[in-house]
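These notes concern the structure reproduced below.
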Amino acid sequence: SEDGVLFTTVLQWDMDEEIWVEAPSEMGKRLLCYPAAKKDASYTVPSDTECLAYYAFGNNRFLKEVTVPAGCIELTFDNEFYNCTALEAVHIEEGHEIFYSIDGMVFEPHIYETYDPNTGEANDVVEMGDYLVFCPIGKELGNYTLGSNVTGIGENAFNDCTGLTELTIPATCIDLEPASCLYNCSSLQAVWFAEDHPEFYSTEDGVVINKKDVFDPAYENTYDPGECLVYFPTGRTGHYAIPEGITYTVTETDANTDGYTTTSEGAAGIIANGKTAKAHFTNTRTKTDVPKTGERPMAMWLLFAAALC
């Protein structure tokens with residue numbers, strides 16, 4: 001350990017022996033665990049660290065900023081900083097071959113491949129802009145506006161960011177799934193998409209709806225899913241009226257399980273003003289294990305045995 005932080009050597013797979021072995025020393029070391037109760041407000045990962053283990057900084061409530069060296073390339077920002085509630089900034093040293101930081105948030109170049117719609121093969125690779133990978137959950141963003149240089153948001157980028165109250169997204173930011181990248185933002189009241197955004201628009205109260213006739217540049221075609229409410233801000237409370245014209249689908253959580261076949265009527269449609277819709281589900285199962293004449297069903301025997309005990 002160094003200053004109470006636990007490290008281990010980087011391991012690599014030996015193809016001949018089929019075991020994990022210690023990697024050469026020049027490959028650096030692996031930060032295994034930064035103590036959750038360590039009270040330092042800032043920490044600089046040692047320059048000879050090549051890897052951050054899963055949950056390396058997990059559950060620390062004191063760290064406000066962390067600096068990652070350029071040589072630390074084995075990290076994903078999926079869970080290394082899990083539940084670090086005080087963390088406000090992650091700084092990536094200049095020269096890192098994958099990531100860079102802007103205002104304490106982590107980005108990577110947004111690489112986009114176009115595909116031939118007939119063969120499915122890649123046509124070209126284009127660097128579009130900045131792709132937001134990670135926003136520290138303790139960062140007090142308030143009403144935050146993404147810059148026009150941001151063209152994509154990662155699946156878990158804003159997850160658990162309690163300091164985010166409103167988010168404005170430019171028309172250039174086309175690679176995102178609102179419900180995934182804004183999961184559990186408990187203070188978020190509204191999401192505002194630019195009016196000329198190609199896929200999503202915001203209602204007058206900041207709820208996200210996808211547009212009709214969405215253009216998919218990956219396959220160079222359009223599809224028409226109908227208008228669909230795709231994200232309702234987590235921090236909103238009270239009554240909400242779904243706008244007229246929105247498509248809906250009702251599902252049964254346990255449909256088609258335990259040998260049952262589920263059928264439905266009226267489970268999908270379009271919200272209409274002043275109209276009531278009903279969804280009806282039927283679960284059926286073919287009975288195959290019929291007891292022979294004079295033979296008690298197994299359930300009866302189990303019940304009787306339980307009574308004797």
Side-chain angles (χ1 to χ4, degrees), residues 54-55 76 78-79 82-83 115 117 120 153-160 175-186 188 191 199-203 205-216 218-219 221-309:
Y54 290 161
Y55 303 101
T76 62
D78 281 339
N79 48 34
Y82 173 77
N83 202 32
Y115 292 87
I153 303 176
E155 183 177 356
N156 305 309
F158 285 105
N159 285 11
D160 302 310
D175 188 358
L176 77 162
E177 290 292 339
S180 297
C181 66
L182 296 169
Y183 176 77
N184 202 32
C185 293
S186 57
L188 187 59
V191 178
E199 185 171 357
F200 302 108
Y201 73 90
S202 303
T203 64
D205 42 12
V207 176
V208 181
I209 296 174
N210 78 301
K211 295 181 178 180
K212 290 185 177 181
D213 299 324
V214 176
F215 177 71
D216 185 350
Y219 298 97
N221 60 9
T222 60
Y223 60 98
D224 184 4
E227 291 190 348
C228 181
L229 193 156
V230 296
Y231 181 71
F232 187 86
T234 312
R236 289 197 50 166
T237 59
H239 175 77
Y240 178 74
I242 299 175
E244 182 181 3
I246 298 298
T247 59
Y248 68 86
T249 302
V250 182
T251 59
E252 182 181 353
T253 303
D254 296 322
N256 298 307
T257 58
D258 297 329
Y260 285 92
T261 299
T262 304
T263 57
S264 63
E265 296 179 9
I270 299 175
I271 300 292
N273 187 27
K275 300 293 183 180
T276 300
K278 293 183 179 181
H280 178 76
F281 293 84
T282 302
N283 294 290
T284 59
R285 182 172 65 178
T286 302
K287 189 173 183 180
T288 56
D289 298 325
V290 180
K292 298 177 182 179
T293 303
E295 182 180 286
R296 290 180 180 272
M298 180 60 71
M300 293 292 290
W301 284 111
L302 291 175
L303 181 62
F304 181 63
L308 287 178
C309 295

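If you read the sequence from its start, that first residue is 1, and numbering goes on from there.
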Around atom CD of E155, are there more than 12 heavy atoms from other residues, nucleotides or ligands closer than 6.0 Å?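 At most 12 heavy atoms, drawn from other residues, nucleotides or ligands, come within 6.0 Å of this atom.
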
Taking atom CD as the centre, does E252 end up with more than 12 heavy-atom neighbours from other residues, nucleotides or ligands that are less than 6.0 angstrom away?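 Yes.
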
Roughly how far, to the nearest 0.5 Å, is CG of L182 from CG of L176?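 Going from CG on L176 over to CG on L182, the span is 8.0 Å.
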
Atom pair CD/CD of E199 and E177 - distance to nearest 0.5 Å: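 These two atoms lie 7.0 Å from each other.
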
Do side-chain atoms of [X] reach the backbone of [Y] as a donor and acceptor pair under 3.5 angstrom?
| X | Y | answer |
| --- | --- | --- |
| R236 | D205 | yes |
| T282 | T263 | no |
| T262 | N256 | yes |

If you compare all heavy atoms of [X] against all heavy atoms of [Y], which two are closest, and at what distance to 0.1 Å?
| X | Y | result |
| --- | --- | --- |
| G206 | P233 | O-CG, 3.5 Å |
| A279 | A267 | CB-CA, 4.1 Å |
| Y201 | K211 | CD2-CG, 3.7 Å |
| N159 | S180 | OD1-O, 2.9 Å |
| S186 | T234 | CA-CG2, 4.3 Å |

Got a sec, which pairs hit ring-ring contact (aromatic ring centres under 6.0 Å, His included) with one end in residues 232-284, sequence neighbours left out?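 Non-adjacent pairs meeting ring-ring contact (aromatic ring centres under 6.0 Å, His included): F232-Y240.
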
Sole candidate of V207, L188, N210, I209 that passes side chain to side chain contact (heavy atoms under 4.5 Å, CB included) when paired with Y231: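 Of the listed residues V207, L188, N210, I209, the side chain to side chain contact (heavy atoms under 4.5 Å, CB included) partner of Y231 is L188.
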
Partners passing side-chain contact (heavy atoms from CB on, under 4.5 Å) against Y55 (at least two apart in sequence or in another chain):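 Applying side-chain contact (heavy atoms from CB on, under 4.5 Å) to Y55 gives N79, Y82.
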
